[in-house]
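Taking it in order: structure first as structure tokens, then the write-up.
In what follows, residues are counted from 1 in the order of the sequence shown.
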Amino acid sequence: MGNYSAFMKFPGPDSKEEGGESSALTALALGSPGCTYYMGHNTNEERLELQRIELAARTCYKSEDKMTGDSSVKMFEMLERRGHLAMLRFGERTVKMQRGDWCNLERILTNTHQIQYWRWAWAPAAPETVFVTANLCSWLNLALIVNKGAFSNALRCFCINAFEGWPHVQKVVRERVGEYYMHEDYNPIYVKDVSVFDLVELRDDHGYNLFRYCFRVVCDRGISHEIVRHTTLSYAQESTRWINYGGKKDRGLADLVFKPEHLEGHPAWNIFTDEGNFLQAMAEAYKAYQHWTNEDNPCRLVPGDARNFFPHCLKTELCISGYIDKSPIGKEFNQGFSHFIDMRAAKDAHKGVQVIARAMAEALGYPLPDNAEEK
């Protein structure tokens, strides 16, 4: 059985506390197959959201050791400049706005095919107020749409004002929005910040969950292929194209290959033990990889080509981000982590991915499907 633990000090799914210092960002130890770490949910605080983005991005290159107190800002700016906006989906921004303004914005998002990336909920105590949330990639896309379209200055100012108190993100948004001019009849769009307490109350007391949850998973490549099929979630995965496992990041074969532990007790389990030929075959593949990526080899291959020596049992790490989209119509229409747990915690799912789905369900307080195996 895999396990999960909160290695980032963000508030948990049932916590009403603000996020604290994230001192354990780089304290990442390789776990067993299916090891699932809960990374928390959005805090609506720029510093913590940018740190989460940086950790997701550095997972791809295994460069977590380069994280410093201010490196997340540089990482964010670099990702935006190079167009690697997928990593920005690990950061979230939530605001409150007037219902009429949201209806106008909703039409724009629908017409530009962006509405599926946004979530919203009516404020129970104030029906004319709407909670609106989206990941930072979607916010930056909106700023660019406003720039290129014939939209009002009020909408341009809204994009900028939505990030009041977020100086680094606001700077990028301002650049994307472009120039705008104030007119005498300028009618600003009301926008207000939202606290974690507001989001917790909205979820616990009124049933509207606008939290974006994040996990870090350690598994093999075969299992990761099943995970990334859930396209309503966002991913950042360890890159075999850029990481040279035979170079400075060489951790040895023991930390590079996972044995299928769920087969323990199977008649064929002996081939995966120390005396079996599984590890021998993996050792040969690893030896070939080291040989062909060696800098002294005149026929040296880049890691992206030499990775073909590795099998599906190659260890990988990936960060996963998304919402709990539980449909009121029926579970057939669930998306995000709801759909993932419904499908991957079922008893007919692969044993390796069941471990991950069960850990996520436990961390999120989400019920297991009716056809899950009893433990």
Side-chain angles (χ1 to χ4, degrees), residues 25 39 42 46-64 66-68 70-94 105 108-119 132-151 155-156 158-160 162-163 166-180 212 214 216 224 227-244 302-305 307 316-323:
L25 279 172
M39 294 170 61
N42 49 303
E46 183 187 55
R47 177 179 58 85
L48 295 178
E49 295 305 300
L50 294 188
Q51 284 180 342
R52 196 199 314 275
I53 289 172
E54 181 183 18
L55 180 57
R58 290 193 180 280
T59 297
C60 302
Y61 304 97
K62 298 307 300 170
S63 61
E64 296 93 339
K66 295 183 179 180
M67 296 178 70
T68 63
D70 60 352
S71 59
S72 60
V73 174
K74 296 178 182 178
M75 174 63 73
F76 167 74
E77 293 173 346
M78 183 273 289
L79 292 171
E80 189 275 335
R81 186 173 62 254
R82 295 189 177 185
H84 296 321
L85 301 187
M87 298 298 101
L88 304 190
R89 292 175 183 161
F90 286 85
E92 189 86 358
R93 178 58 170 160
T94 307
L105 179 58
I108 295 173
L109 293 171
T110 301
N111 292 336
T112 55
H113 308 288
Q114 299 293 309
I115 192 64
Q116 67 269 30
Y117 304 115
W118 293 70
R119 299 291 183 276
V132 179
T133 190
N135 61 66
L136 296 191
C137 174
S138 298
W139 277 104
L140 293 192
N141 285 340
L142 173 63
L144 201 58
I145 289 170
V146 170
N147 185 344
K148 294 183 178 296
F151 298 111
L155 190 56
R156 294 171 184 259
F158 162 75
C159 293
I160 296 172
F163 288 92
W166 291 44
H168 304 99
V169 180
Q170 189 180 57
K171 175 185 175 183
V172 173
V173 171
R174 190 183 298 274
E175 293 172 351
R176 287 196 161 220
V177 164
E179 294 184 1
Y180 60 93
R212 170 174 283 268
C214 294
R216 187 185 184 94
S224 75
I227 293 175
V228 299
R229 290 180 61 192
H230 295 261
T231 55
T232 56
L233 297 172
S234 300
Y235 305 96
Q237 185 170 6
E238 183 175 343
S239 172
T240 55
R241 180 186 179 192
W242 298 110
I243 297 174
N244 185 351
V302 296
D305 293 328
R307 65 184 175 184
T316 189
E317 296 181 27
L318 65 161
C319 293
I320 309 172
S321 174
Y323 304 101

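Considering only residues two or more places apart in sequence or on other chains, Tyr235 meets the side chain to side chain contact (heavy atoms under 4.5 Å, CB included) condition with Ile227, Val228, His230, Leu233, Leu318, Ile320. The salt bridge (Lys or Arg N to Asp or Glu O under 4.0 Å) search around Arg307 returns none, not counting sequence neighbours. Evaluation of the side chain to side chain contact (heavy atoms under 4.5 Å, CB included) rule for Thr68 yields Asp70, Ser71 as partners, not counting sequence neighbours. Applying the salt bridge (Lys or Arg N to Asp or Glu O under 4.0 Å) rule to Glu80 yields the partners Arg176; only residues at least two apart in sequence or on another chain are considered. A search for ring pair (Phe, Tyr, Trp, His ring centres under 6.0 Å) contacts involving Phe76 returns nothing, not counting sequence neighbours.
Between Ala134 and Tyr323, the shortest heavy-atom contact is CA-OH, 4.0 Å. Taking every heavy atom of both residues into account, Ala56 and Cys319 meet most closely at CA-SG, 4.0 Å.
For Lys62 and Glu317, the salt-bridge test passes: some basic side-chain N is under 4.0 Å from an acidic carboxylate O. Classification of Arg58 and Glu54 as a salt-bridged pair holds, one side-chain N sitting under 4.0 Å from a carboxylate O.
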List the atom pairs, donor and acceptor, that lie under 3.5 Å between side-chain atoms in residues 82-89 and the rest of the protein, sequence neighbours left out.
none

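Side-chain contact of Ser234 with Ser321: a donor-acceptor pair under 3.5 Å is absent, judged by distance alone. Gln237 and Thr59 are not linked by any side-chain donor-acceptor pair at a separation below 3.5 angstrom, with hydrogens and angles left out of the test. Side chains of His168 and Glu46: a donor on one and an acceptor on the other come within 3.5 Å.
Aromatic ring orientation, Phe163 versus Trp139: perpendicular (interplanar angle above 60°, classes split at 30° and 60°).
Asn147 contributes atom CG, which lies 11.5 Å from atom CG of Leu155 (distance to the nearest 0.5 angstrom). In this structure, the separation between OG on Ser63 and CD1 on Ile243 is 8.5 Å, given to the nearest 0.5 Å. If you take CG on Asn141 and OG1 on Thr112, they are separated by 9.0 Å, rounding to the nearest 0.5 Å. From Leu136, atom CG reaches atom CD of Glu92 across 7.5 Å, with rounding to the nearest 0.5 Å. Atom CZ in Arg174 sits 13.0 Å away from atom CZ in Arg156 (nearest 0.5 Å). For the atom pair CD of Gln51 and CE of Met39, the computed distance is 10.5 Å after rounding to the nearest 0.5 Å.
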As a quick check of understanding, evaluate side chain to side chain contact (heavy atoms under 4.5 Å, CB included) for Leu50 and Met75, giving each step before the final call.
CA-CA 8 Å; Leu50 294 188; Met75 174 63 73; over 6 Å; no

Could you go through Val172 and Val169, starting from their C-alpha distance and side-chain angles, then the distance that decides it, and tell me whether this counts as side chain to side chain contact (heavy atoms under 4.5 Å, CB included)?
CA-CA 5 Å; Val172 173; Val169 180; 5.6 Å; no

Would Met78 and Lys74 count as a side chain to side chain contact (heavy atoms under 4.5 Å, CB included) if you check the C-alpha gap in whole Å, the side-chain angles of each, and the deciding distance to 0.1 Å?
CA-CA 6 Å; Met78 183 273 289; Lys74 296 178 182 178; over 6 Å; no

Going through the checks in order, is the side chain to side chain contact (heavy atoms under 4.5 Å, CB included) test met by Asn135 and Asn42?
CA-CA 10 Å; Asn135 61 66; Asn42 49 303; over 6 Å; no

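Side chains of Thr133 and Arg93 form no contact here, defined as non-hydrogen atoms less than 4.5 Å apart. Considering only heavy atoms from C-beta on, Glu49 comes within 4.5 Å of Trp166 through its side chain. Thr94 places none of its side-chain heavy atoms less than 4.5 Å from the side chain of Val132.
A cation-pi arrangement is absent between Arg52 and Phe90 under the rule of less than 6.0 angstrom and at most 45 degrees off the ring axis.
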